[in-house]
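The structure under discussion appears below in the form of structure tokens.
In what follows, residues are counted from 1 in the order of the sequence shown. Just so you know, ligand 1 is whichever comes first in the structure, and atom 1 is the first atom listed for that ligand. Just so you know, these numbers use all the heavy atoms, side chains as well, and skip hydrogens, waters and symmetry mates.
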Amino acid sequence: MATTKNQSGCWYVEFTVCLIGLLLFPLPSQSSDPDPLQDFCIGDTKSALSVNGFPCKPAANVTSDDFFFDGLSKEGNMSNPFGSSVTSGNVLTFPGLNTLGISMNRVDIGPGGLNPPHSHPRASETGVVINGRILVGFITTGNVFYSKILTPGQMFVIPTGLVHFQMNVGEEKALIFTAFNSHLPGAAVVPTNLFASEPSVPDDVLTKAFQVEKTVIDEIKCKFGA
Ligand code: GLV
Ligand code: MN
């Protein structure tokens with residue numbers, strides 16, 4: 001940074017210009033989980049300590065089992081109004097992922113079923129279809145809708161934070177494996193966020209937001225047991 005005096009002795013003008021430059025062009029920000037500072041850090045998910053992630057289990061107690069997870073091997077329970085199931089392989093279910101900035105889900109969807117519109121605040125998502133015919137779609141912040149019907153072996157990507165869904169448009173059960181650049185991507189599911197929160201979002205907000213009568217809001221809330 002320049003601190004030399006110029007002819008008029010106003011070196012602070014240069015300093016101010018530099019400062020404004022730094023403020024206008026900040027360093028790139030971190031858009032996914034930070035890099036780990038050690039080989040591994042098996043999450044101690046029961047620890048009372050609250051940090052950004054989980055504290056590491058003592059290395060002396062780490063075993064091979066900490067690096068393997070069979071939670072995605074079984075079909076999820078699709079007996080729910082959406083006819084779908086998401087099984088998470090994230091740091092909460094698989095603590096070996098702690099600090100590594102990655103995780104996966106298994107998504108099972110029955111014929112006609114839907115993994116409802118949702119977003120992941122901390123990750124982009126990619127996925128590969130294993131079985132079935134799936135309509136995958138997302139909506140940008142500019143309200144543009146992108147979608148495609150995918151079949152086994154085909155992949156998709158959902159940019160960070162955008163609302164997206166998968167719908168089974170085939171005759172068979174569908175299976176997708178999804179992956180994220182966060183050990184805990186989080187999922188804000190639009191219908192349940194809005195209509196089944198605790199405590200509930202005021203009816204006035206919902207009637208205004210959706211431009212409908214309260215009876216419509218009551219009916220939707222009722223469907224989600226609220
Ligand atoms: C699918 O959208 C998933 O979040 O696993
Ligand atoms: Mn998703």
Side-chain angles (χ1 to χ4, degrees), residues 30-33 43 45 53-54 68-197 223-224:
Q30 186 90 37
S31 60
S32 55
D33 290 5
T45 55
F54 292 98
F68 301 92
F69 176 63
D70 67 1
L72 303 191
S73 57
K74 292 187 199 67
E75 183 179 286
N77 180 0
M78 291 172 271
S79 328
N80 56 61
F82 296 122
S84 68
S85 160
V86 176
T87 310
S88 295
N90 61 34
V91 68
L92 299 178
T93 53
F94 182 13
L97 295 174
N98 192 38
T99 76
L100 298 181
I102 50 173
S103 57
M104 292 187 75
N105 282 350
R106 170 187 177 126
V107 185
D108 293 287
I109 315 178
L114 173 72
N115 182 18
H118 63 280
S119 66
H120 305 287
R122 293 180 289 278
S124 296
E125 169 178 333
T126 184
V128 61
V129 175
I130 306 298
N131 291 325
R133 263 169 67 81
I134 317 267
L135 172 66
V136 180
F138 71 88
I139 306 109
T140 68
T141 54
N143 279 339
V144 182
F145 176 50
Y146 294 100
S147 70
K148 188 163 186 164
I149 293 178
L150 300 185
T151 52
Q154 296 187 312
M155 278 182 78
F156 62 87
V157 65
I158 311 290
T160 306
L162 298 187
V163 172
H164 60 283
F165 65 84
Q166 293 98 15
M167 183 167 211
N168 182 346
V169 292
E171 311 283 310
E172 316 286 328
K173 279 184 192 168
L175 172 63
I176 313 169
F177 284 101
T178 52
F180 305 86
N181 60 335
S182 168
H183 73 186
L184 191 60
V189 181
V190 178
T192 49
N193 258 200
L194 288 175
F195 297 101
S197 66
K223 297 222 187 281
F224 290 106

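- Asn181 places no side-chain N or O within 3.5 Å of a backbone atom of Ser32 that could act as its donor or acceptor partner.
- Side-chain contact check for Thr126 versus Met155: some heavy-atom pair is nearer than 4.5 Å.
- Ring geometry for Phe54 versus His183: interplanar angle of 30 to 60°, hence tilted.
- Within a 6.0 Å radius of CD in Glu75, other residues, nucleotides and ligands contribute more than 12 heavy atoms.
- No donor-acceptor distance shorter than 3.5 angstrom exists from the side chain of Asn105 to the backbone of Val107, with no hydrogens or angles considered.
- Using a distance-only test at 3.5 Å, with no hydrogens or angles considered, a donor-acceptor pair links the side chain of Ser182 to the main chain of Leu184.
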Report all N/O contacts between ligand 1 and the protein shorter than 3.5 Å as a table of atom names and distances to 0.1 Å; if there are none, say 'none'.
residue	atom	partner	partner atom	Å
ligand 1	2 (O)	Asn115	ND2	3.4
ligand 1	2 (O)	His118	NE2	3.0
ligand 1	2 (O)	Glu125	OE1	3.1
ligand 1	2 (O)	Glu125	OE2	2.8
ligand 1	2 (O)	His164	NE2	3.2
ligand 1	2 (O)	Gln166	OE1	3.2
ligand 1	2 (O)	Gln166	NE2	2.9
ligand 1	4 (O)	His118	NE2	3.2
ligand 1	4 (O)	His120	NE2	2.9
ligand 1	4 (O)	Glu125	OE1	3.2
ligand 1	5 (O)	Asn105	ND2	2.9
ligand 1	5 (O)	Thr178	OG1	2.8

Task: From CA spacing to verdict: side-chain contact (heavy atoms from CB on, under 4.5 Å), Thr99, Asp33 - done: CA-CA 7 Å; Thr99 76; Asp33 290 5; over 6 Å; no

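- Put simply, the side chain of Pro185 reaches to within 4.5 Å of the side chain of Ser103, judged on heavy atoms.
- Only protein N, O or S atoms were considered, and those under 2.8 Å from the Mn ion (ligand 2) are His118 NE2, His120 NE2, Glu125 OE1, His164 NE2.
- Taking the side chain as every heavy atom from C-beta outward, Phe156 and His164 never approach each other to under 4.5 Å.
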